[in-house]
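Remarks on the structure that follows.
Numbers restart at 1 for each chain; the letters A, B, ... are given by sequence-line order, proteins then strands. Keep in mind that this is a model prediction, so the values were computed, not measured. What you see below is based on every heavy atom in this structure, not just the backbone, and it leaves out hydrogens, waters and symmetry mates.
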Amino acid sequence: QQQVKQSPQSLIVQKGGISIINCAYENTAFDYFPWYQQFPGKGPALLIAIRPDVSEKKEGRFTISFNKSAKQFSLHIMDSQPGDSATYFCAARGNYGGSQGNLIFGKGTKLSVKP
Amino acid sequence: NAGVTQTPKFRILKIGQSMTLQCAQDMNHNYMYWYRQDPGMGLKLIYYSVGAGITDKGEVPNGYNVSRSTTEDFPLRLELAAPSQTSVYFCASRDGTGGYEQFFGPGTRLTVL
């Protein structure tokens with residue numbers, strides 16, 4: 001399967017709260033899992049990424065948790081701020097014949113952080 | 001560095017018309033990509049290129065064509081526009097050595113009526 005399933009579709013969080021977005025995949029030949037952040041009217045930009053040999057990666061308020069056995073990974077945004085309001089995409093890079101290392105994206109999560 | 005630039009920002013086409021979406025990057029990246037983004041559907045890969053003169057189909061190539069005559073430019077051609085091609089189109093690029101980060105342009109919003 002060459003899919004990345006992302007949930008929830010939308011998320012509303014109070015300022016200061018924790019935002020959690022989840023992704024699941026089937027293909028074990030993925031070798032790189034990035035999260036992209038997209039503000040309205042802009043192109044996506046890389047937020048944080050992880051490789052499958054690491055279970056967690058933290059950059060500031062943003063953390064990726066990776067569960068290889070469950071084929072799941074998630075983005076945690078601590079102390080969420082109104083400026084974090086954006087659409088977040090998870091993705092996975094294929095490392096199998098014919099994939100050319102291309103990214104497969106989840107459908108996105110629209111996060112709104114209320115002041 | 002301007003990064004990845006796309007023109008035009010917006011365009012309205014009539015059914016059956018043709019147009020070319022322009023994409024350029026000044027980072028000397030080998031890899032370039034075209035995606036379309038539809039509401040609630042994420043980003044779908046249309047075409048990609050691993051270097052000048054080399055292009056290949058992505059997940060949703062029907063109705064589109066590309067060329068890559070230089071490292072910098074990767075235009076996307078729509079022939080015989082259809083309402084199903086109404087979307088936001090993003091071009092992206094990445095360095096072929098080292099990391100996998102893709103750098104995206106600001107997008108072109110296309111409406112076909």
Between [X] and chain A, which part of the residue has a heavy atom less than 4.5 Å away: side chain, backbone, both or neither?
X: B:Phe103; answer: neither
X: B:Val88; answer: neither
X: B:Leu45; answer: side chain
X: B:Gln37; answer: side chain

Heavy atoms only, distances under 4.5 angstrom: which of A:Arg93, A:Lys42, A:Gln9 has the most pairs with chain B? Name it, please.
A:Arg93
Under 4.5 Å, counting heavy-atom pairs only, tell me which of A:Leu46, A:Asn102, A:Leu103 racks up the most with chain B.
A:Asn102
Which residue, A:Tyr32, A:Tyr36, A:Phe33, forms the ring pair (Phe, Tyr, Trp, His ring centres under 6.0 Å) with B:Tyr100?
A:Tyr32
With a 4.5 angstrom heavy-atom cut-off, could you sort out which part of A:Pro44 is near chain B: side chain, backbone, both or neither?
both
Structural part of A:Gln6 lying under 4.5 Å from a heavy atom of chain B:
neither
Crowded around B:Met27 CE? As in, over 12 foreign heavy atoms under 6.0 Å?
yes
A:Glu59 CD: over 12 foreign heavy atoms closer than 6.0 Å
yes
Walk me through whether A:Gln38 and A:Thr87 qualify under side-chain hydrogen bond (donor to acceptor under 3.5 Å, both in side chains).
CA-CA 5 Å; A:Gln38 183 181 31; A:Thr87 299; 5.2 Å; no
Is the closest basic N to carboxylate O distance between A:Arg61 and A:Asp84 below 4.0 Å?
yes
B:Ser93 and its side-chain hydrogen bond (donor to acceptor under 3.5 Å, both in side chains) partner, picked from B:Gln102, B:His29, B:Glu72:
B:His29
